[in-house]
Novice: 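Take a look at this one; I'll ask things after.
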Amino acid sequence: MPGAIYAEGLVKTFGDVRALDGVDLDVPEGTVLGLLGPNGAGKTTAVRCLTTLLKPDSGSAVVAGVDVLKHPDAVRRSIGLSGQFAAVDEYLTGRENLQMVGQLYQMKAKQAKVRATELLEQFDLADAADRPTKTYSGGMRRRLDLAAALVVSPPVMFMDEPTTGLDPRNRQLLWEVIKQLVSAGTTLLLTTQYLEEADHLAHDIAVVDHGHVIATGTSDQLKARTGGERVEVVVHEREHIQAASEVLRGFGKGDTTVEDHMRKLTVPVTGGAKLLAEVIRELDTRGIEIDDIGLRRPTLDDVFLSLTGHAAEAKDEGNDKKEDAK
Amino acid sequence: MSAVTDTARLADRGNPLSQSVRDSLVIAKRNLIRMSRIPEMVIFGLIQPIMFVVLFSYVFGGSMNIGGTTDSLVYREFLMAGIFAQTVTFATAGAGAGIADDMHKGLIDRFRSLPMARGAVLTGRTLADLVQTALTLFVLAMVALLVGWRTHTSIGEVLGAFGLLLLLGYAFTWVGALIGLSVRTPEAATSGGLIWLFPVTFISNAFVDSSRMTPWLQHVADWNPFSATVQACRKLFGNPGVSPSEAWPMQHPVWASLIYSVLIIVIFRTLAVRKYRSATA
């Protein structure tokens with residue numbers, strides 16, 4: 001049975017840019033998929049296709065059990081969308097914005113009013129509820145935007161870079177809300193550039209680049225694919241580099257890389273903490289003094305780098321603008 | 001947050017027409033709140049027609065020949081129907097700019113992802129503009145009374161004339177909506193919404209006696225939808241300068257005004273909603 005969000009072979013071109021080049025996704029009900037990729041990779045386009053804002057050139061998609069292309073209106077009843085840019089009316093107050101969205105979700109006026117008050121409390125906006133939102137800070141607007149997406153507690157949520165540009169406090173707040181939603185059974189597709197965020201919130205991760213999904217799996221699976229653990233040693237004396245390198249060769253599963261100026265050596269290993277202890281003993285026996293030593297597991301940054309050949313934060317301005325313009 | 005309440009909330013939908021009306025009113029309310037929080041827009045919208053009344057009355061007043069007289073009071077009574085009609089058509093620019101502005105903000109994505117009636121974003125905007133037009137007309141009528149304009153007919157006929165004016169204004173906001181959806185910036189929508197109004201309002205019977213134009217121009221003026229409403233208003237107000245032209249719209253101005261306005265609404269609403277939908281897809 002397909003998941004709450006399911007896409008097969010989504011293709012979308014803008015002029016000669018293939019923003020989506022055959023994207024497949026499957027998000028089981030009640031889980032979070034983190035869609036990870038640099039700017040211009042096609043994340044936003046994928047979200048726009050799945051939320052009925054854009055019609056894909058080809059491919060199919062099912063959201064909350066409904067065919068997105070055949071019954072977009074029915075899909076709209078079951079989804080909430082929170083975008084990169086706070087989609088609120090700046091001349092309306094927070095309360096008026098939420099009431100309007102509630103009524104457009106076909107709630108009765110009175111029901112929408114009650115729900116707006118609830119959400120303003122929940123998102124710590126009660127004090128600012130009756131001020132026009134143009135007086136809000138960036139973080140407050142984002143919170144209001146997310147509240148608007150949650151007016152009907154939709155079973156499926158899409159969040160496009162929900163925490164981009166937020167300060168740590170607001171980011172933490174949004175993470176908490178997201179965790180509550182998911183524990184209440186909401187299915188969520190989240191795009192992000194922050195690998196830490198995907199690691200923290202998502203059950204599964206799909207890495208997107210140039211309109212393709214280039215890897216999927218849990219964060220641990222992706223890390224394992226990138227090549228396990230490494231031991232990193234910083235020696236105290238420059239002349240010990242050679243000796244330390246010989247010790248590491250004995251334990252390592254590959255070539256040792258040396259960064260001379262940092263007096264740092266790195267070698268891929270298997271064996272975890274136990275092996276680390278052995279390395280320390282051996283270095284000690286040989287009288288090699290060390291400043292630092294550690295077992296380093298790959299981060300999603302390493303995963304990204306090894307999969308795409310470029311870092312996640314790398315900006316591709318040309319593509320980015322194209323995507324924004326649509 | 002349970003599944004049961006969600007379904008209950010979402011199940012309540014009603015028929016498509018009443019949903020469309022309800023959604024349009026929600027959006028109209030949103031636009032009216034916005035207008036009330038940007039009062040300078042409303043005020044500028046009022047100053048311009050008042051300026052026209054004063055300038056035309058006093059600058060052109062003594063030199064215009066209406067029905068064989070150049071009496072400036074006669075011209076003032078003649079002029080008002082033209083100024084009223086021109087004023088309602090200027091709502092076009094406001095509607096166009098407002099919709100163009102909306103289309104380039106994140107909020108439109110929110111609207112498009114909601115289970116709301118597709119045309120409601122546009123209908124709501126045009127309804128809000130209609131309210132603003134009514135307010136402008138009211139203030140303008142007060143100013144007109146101050147400079148000496150009077151009606152000489154029953155209250156029913158006077159109200160009927162204002163009804164035709166509002167209908168014409170509403171029809172033109174749909175032209176504005178289409179312009180707003182077709183341009184890239186709100187600034188383009190403002191100027192694009194205004195330039196074509198000048199020939200439409202000037203090649204007409206609004207400010208001069210059209211029977212004194214060269215024959216082909218008079219022909220254009222007689223059949224101009226805008227002239228029909230002006231002629232209807234003069235007739236219903238009992239003001240001087242009703243054109244004696246044989247052209248059908250000049251002979252039956254009330255019907256012509258109604259038919260023209262309804263046609264404009266049907267054609268431009270269809271085109272605008274289609275354009276909005278294709279932008280949505």
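Treat the numbers as computed from the prediction; the structure is a model and nothing was measured. Naming convention: chains lettered A, B, ... in sequence-line order (proteins, then strands); numbering from 1 in each chain.
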Novice: What residues of residues 25-45 of chain B make heavy-atom contacts with chain A at a cutoff under 4.5 angstrom?
Specialist: B/Val26, B/Ile27, B/Arg30, B/Ile33, B/Arg34, B/Arg37, B/Ile38

Novice: Is it true that a side-chain atom of A/Arg76 and a backbone atom of B/Arg112 form a donor plus acceptor pair closer than 3.5 Å?
Specialist: yes

Novice: Does any heavy atom of chain B fall under 4.5 Å from the side chain of A/Ala109, the backbone, both, or neither of them?
Specialist: neither

Novice: Do you know the tightest heavy-atom contact between B/Leu107 and A/Ala87?
Specialist: CD1-O, 3.4 Å

Novice: Taking A/Pro132, A/Ala148, A/Gly185 one by one, which has the highest count of heavy-atom pairs under 4.5 Å against chain B?
Specialist: A/Ala148

Novice: Should we count CZ of A/Arg131 as having more than 12 external heavy atoms under 6.0 Å?
Specialist: yes

Novice: Can you name the salt bridge (Lys or Arg N to Asp or Glu O under 4.0 Å) partners of A/Arg142, sequence neighbours left out?
Specialist: none

Novice: Please enumerate all residues that pass side chain to side chain donor-acceptor pair (under 3.5 Å) together with B/Arg269, with sequence neighbours excluded.
Specialist: B/Thr123

Novice: With a 4.5 angstrom heavy-atom cut-off, is it the side chain or the backbone of A/Ala74 that approaches chain B, or both, or neither?
Specialist: neither

Novice: Between A/Ile79, A/Thr51, A/Asp145, which shows the greatest number of heavy-atom pairs under 4.5 Å with chain B?
Specialist: A/Asp145

Novice: Report, by ascending residue number, the residues of residues 88-104 of chain A in heavy-atom contact with chain B at a distance under 4.5 Å; give 'none' if the set is empty.
Specialist: A/Val88, A/Asp89, A/Glu90, A/Tyr91, A/Leu92, A/Thr93, A/Glu96, A/Met100, A/Val101, A/Gln103, A/Leu104

Novice: Flag the pair A/Asp73 and B/Arg118 as a salt bridge only when some basic side-chain nitrogen lies within less than 4.0 angstrom of an acidic carboxylate oxygen.
Specialist: no

Novice: CD/A/Gln106 to CG/B/Leu114 distance, rounded to the nearest 0.5 angstrom?
Specialist: 9.0 Å

